[in-house]
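The structure under discussion appears below in the form of structure tokens.
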Amino acid sequence: MHIAENLRRMRRECDLTQEELANFIGVSFQAISKWERGDGYPDITFLPALANFFETTVDTLLGMDKMHCKDEIEKVLAANDAMFPDGRVEERINMLRGALQRYPGSYELWSVLAHALTFSYADEEAKEHNTKEAIEICERILLRCMDNAIRNKAQSALCYLYYESGQRERALESAKQLPYIWDSALIRADFMEGGERLEEIRYNIAHLTFAIDWQIRRLHDHEEALSTEERIAIYNKGIALFELVYEGREYWHAAVNMAERCRWLAELYLEQDDTEMALDMLEKAVPYSIMYDNQPEEAVHTSALLSGLPFKRTDYGKDYPESFCYRMLEHLGESKYDLVRNDPRFAAIVEDLSKHAE
């Protein structure tokens with residue numbers, strides 16, 4: 001119940017002292033003080049009198065309306081989570097906008113809307129508009145919201161949003177203001193015990209794996225400074241990293257990383273006219289693509305480093321509604337694959353992907 005804070009707020013809004021309110025209600029000012037501190041609650045017989053005095057309802061006085069709002073917001077967030085892994089970005093945005101008309105004070109909903117907007121890029125004009133709106137939302141969160149978790153998400157999002165809008169210096173400055181998140185994540189496990197500690201450690205291993213792979217990709221992005229051989233070596237390191245951690249078992253969401261790395265390697269081999277290795281990589285990408293499209297809703301990892309770590313499909317998302325196999329087929333239609341297009345192995349790869357594409 002929120003009666004302590006509500007009673008204190010309503011009394012101050014009416015510019016009353018505790019003694020004055022006590023005289024109106026017929027109790028001692030010590031009783032009012034105790035109620036406002038949360039050290040006790042009014043007898044049920046006083047609730048209608050208090051509600052009538054402040055021209056409100058008993059539910060509002062008790063904070064039941066806030067509890068109802070919280071329940072409704074939780075339902076919206078759960079629905080958003082359900083849409084997230086399916087790439088239903090526009091549905092998420094429309095639902096969140098509707099919810100914010102009802103609950104405009106929910107910074108959590110605003111934060112999720114900003115995230116959804118960064119995924120909705122129908123064209124350059126839409127991208128520019130959505131980026132601008134997301135920036136405004138995140139800046140408003142930093143200005144007004146006191147929840148550190150929501151603020152940190154907004155600060156992190158702003159780094160990329162500023163960069164997307166051509167504000168490189170602001171992106172860099174925003175990044176400098178971020179807390180070093182891994183300090184919290186890695187240190188936190190040291191103060192846990194038993195199964196909770198083991199799960200936290202394995203959670204950190206999984207996320208560090210993605211973080212290292214992310215940096216490997218960023219390293220590869222400097223292709224002008226790297227030879228094709230160096231780029232091939234870098235992506236092979238990324239594949240080896242996931243193979244080490246997942247042991248060829250339940251890749252699930254990580255399967256998209258494996259499939260993309262294999263495809264990128266194929267393209268690099270094609271630059272060297274090495275069609276055999278290119279086809280080897282594309283064949284390796286197929287089962288990973290299928291695995292990604294068939295992730296379970298919930299499961300448990302069994303590899304040595306992740307054993308027992310729960311997996312939830314709703315923890316991961318994408319920015320497109322079609323299957324990943326469909327996206328792979330789109331890439332294979334590009335001219336860079338003309339060198340192997342008439343090869344029977346390439347035809348078999350396309351056929352396998354087509355069976356699972358939606």
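Predicted model only: the values in this text are computed from it and were never measured.
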Rounded to the nearest 0.5 Å, what separation is found between the OG1 atom of Thr56 and the CG atom of Asn52? 10.0 Å
For the side chain of Arg202 and the backbone of Ser307, is there at least one donor-acceptor N/O pair under 3.5 Å apart? yes
Shortest non-hydrogen separation from Cys325 to Asp293 and the atoms involved: N-OD2, 2.9 Å
Going by an N to O cut-off under 4.0 Å, is there a salt bridge joining Arg9 and Glu5? no
Report the distance from atom CD of Glu173 to atom SG of Cys159, rounding to the nearest 0.5 Å. 10.0 Å
Where do Ser165 and Gln167 land on the side-chain hydrogen bond (donor to acceptor under 3.5 Å, both in side chains) test, with the steps shown first? CA-CA 6 Å; Ser165 63; Gln167 302 178 70; 2.9 Å; yes
Contacts of Tyr316 meeting side-chain contact (heavy atoms from CB on, under 4.5 Å) (sequence neighbours excluded), chain-then-number -> His253, Phe311
Hey, could you give me each pair passing side-chain hydrogen bond (donor to acceptor under 3.5 Å, both in side chains) that has a residue in residues 345-355? Not counting sequence neighbours. Glu276-Arg345, Asp280-Arg345, Glu283-Arg345
Take Tyr160 and Thr118, measure what side-chain contact (heavy atoms from CB on, under 4.5 Å) needs, and give me the verdict at the end. CA-CA 9 Å; Tyr160 293 96; Thr118 63; over 6 Å; no
Are Val27 and Ile44 grouped together when hydrophobic residues (ILVMFWY) are joined by side-chain heavy atoms under 4.5 angstrom apart? yes
Closest non-hydrogen atom pair, Leu309 against Tyr203: CD1-N, 3.8 Å
May I ask you to check whether Phe242 and Tyr251 place their ring centres under 6.0 Å from each other? no
Would a distance-only check, ignoring hydrogens and angles, find a side-chain to backbone donor-acceptor pair under 3.5 Å from Asn130 to Ala126? yes
Please report the C-alpha distance between Lys336 and Glu271 in whole Å, then the side-chain angles of each, then the deciding distance to 0.1 Å, and finally whether the side-chain contact (heavy atoms from CB on, under 4.5 Å) criterion is met. CA-CA 9 Å; Lys336 64 184 72 176; Glu271 289 181 16; over 6 Å; no
Cluster overlap Leu306 with Tyr288, hydrophobic side-chain contacts below 4.5 Å: yes
Result for side chain to side chain donor-acceptor pair (under 3.5 Å) between Tyr235 and one of Arg261, His220, Arg217 points to His220
Can the ring centroids of His301 and Trp252 be said to lie less than 6.0 angstrom from one another? yes
Counting only heavy atoms not in Asp338, do more than 12 fall under 6.0 Å of its CG? yes
Shortest non-hydrogen contact from Leu109 toward Leu100: CB-CD2, 3.6 Å
For the pair Glu200 and Arg197, find out whether any cationic side-chain nitrogen is under 4.0 Å from an anionic carboxylate oxygen. no
Thr228 and Tyr269: CA distance, side-chain angles, deciding distance, side-chain contact (heavy atoms from CB on, under 4.5 Å) verdict: CA-CA 8 Å; Thr228 300; Tyr269 284 124; over 6 Å; no
Are the charged groups of Lys127 and Glu164 less than 4.0 angstrom apart, N to O? yes
Interatomic spacing from CE in Met258 to CG in Asp213 - rounded to 0.5 Å: 9.5 Å
Start with the C-alpha distance between His356 and Tyr292, add both sets of side-chain angles, then the distance that settles ring pair (Phe, Tyr, Trp, His ring centres under 6.0 Å), and finish with yes or no. CA-CA 11 Å; His356 297 87; Tyr292 178 76; over 10 Å; no
Thinking salt bridges, do Lys284 and Glu243 make one under a 4.0 Å N-O criterion? yes
Atom CD of Glu91 and atom CD1 of Ile93: how far apart are they, to the nearest 0.5 Å? 11.0 Å
Contacts of Glu125 that satisfy salt bridge (charged side-chain N to carboxylate O under 4.0 Å, His left out) - sequence neighbours left out: none
What's the separation between atom CD in Gln177 and atom CZ in Arg151, rounded to the nearest 0.5 Å? 10.0 Å
How many angstroms lie between atom NZ of Lys237 and atom CD1 of Ile212, to the nearest 0.5 angstrom? 12.5 Å
Identify the heavy atoms of Leu226 and Leu219 that sit nearest to each other, and give their distance. CD1-O, 3.6 Å
Under a single-linkage definition using a 4.5 Å side-chain heavy-atom cutoff for Ile, Leu, Val, Met, Phe, Trp and Tyr, are Phe84 and Ile73 assigned to the same hydrophobic cluster? yes
Residues at least two apart in sequence or cross-chain that pass salt bridge (charged side-chain N to carboxylate O under 4.0 Å, His left out) with Arg218, listed by chain then number, are Asp221
Salt bridge (charged side-chain N to carboxylate O under 4.0 Å, His left out) contacts touching residues 297-322 (sequence neighbours left out): Asp86-Arg313, Glu297-Arg313, Glu322-Arg327
Looking at Glu36 and Arg11, is any side-chain nitrogen of the basic one under 4.0 Å from a carboxylate oxygen of the acidic one? yes
hydrophobic_cluster_shared for Leu279 and Leu265, side chain cutoff 4.5 Å: no
Would you say Ser156's side chain and Asn152's backbone share a donor-acceptor pair under 3.5 angstrom? no
Could you go through Glu250 and Thr302, starting from their C-alpha distance and side-chain angles, then the distance that decides it, and tell me whether this counts as side-chain hydrogen bond (donor to acceptor under 3.5 Å, both in side chains)? CA-CA 7 Å; Glu250 306 90 3; Thr302 64; 2.5 Å; yes
Any donor-acceptor pair under 3.5 Å from Ser303 side chain to Val245 backbone: yes
So, Arg170 and Ser174: side-chain donor and acceptor under 3.5 Å apart, yes or no? no
Closest non-hydrogen atoms of Ala4 and Trp35, given as atom of the first, atom of the second and distance, are CB-O, 3.3 Å
Evaluate Tyr337 against Glu267 for side-chain hydrogen bond (donor to acceptor under 3.5 Å, both in side chains), listing each step before the verdict. CA-CA 8 Å; Tyr337 293 98; Glu267 294 175 2; 2.7 Å; yes
Would you find more than 12 non-hydrogen atoms of other residues, nucleotides or ligands less than 6.0 Å from Glu13 atom CD? yes
Report yes if the distance between the aromatic ring centroids of Tyr326 and His331 is under 6.0 Å, otherwise no. no
Do the side chains of Leu268 and Ile349 join up, straight or via other hydrophobic residues, at under 4.5 Å, putting them in one cluster? no
Tyr320 atom OH, neighbour heavy-atom count above 12 within 6.0 Å: yes
Under 4.5 Å between any side-chain heavy atoms of Ile205 and Ile201, yes or no? yes
Heavy-atom nearest pair, Ile137 first then Trp110, reads CG2-O, 3.4 Å
Keeping Asp147 on the side-chain end and Ile150 on the backbone end, is there a donor-acceptor pair under 3.5 Å? yes
Are Glu334 and Arg263 ion-paired here, with the side-chain N under 4.0 Å from a carboxylate O? no
Quick one: does Asn80's side chain have a donor or acceptor within less than 3.5 Å of a partner on Val76's backbone? no
Counting only heavy atoms not in Arg37, do more than 12 fall under 6.0 Å of its CZ? yes
Contacts of Ser227 meeting side-chain contact (heavy atoms from CB on, under 4.5 Å) (sequence neighbours excluded), chain-then-number -> Glu229, Glu230
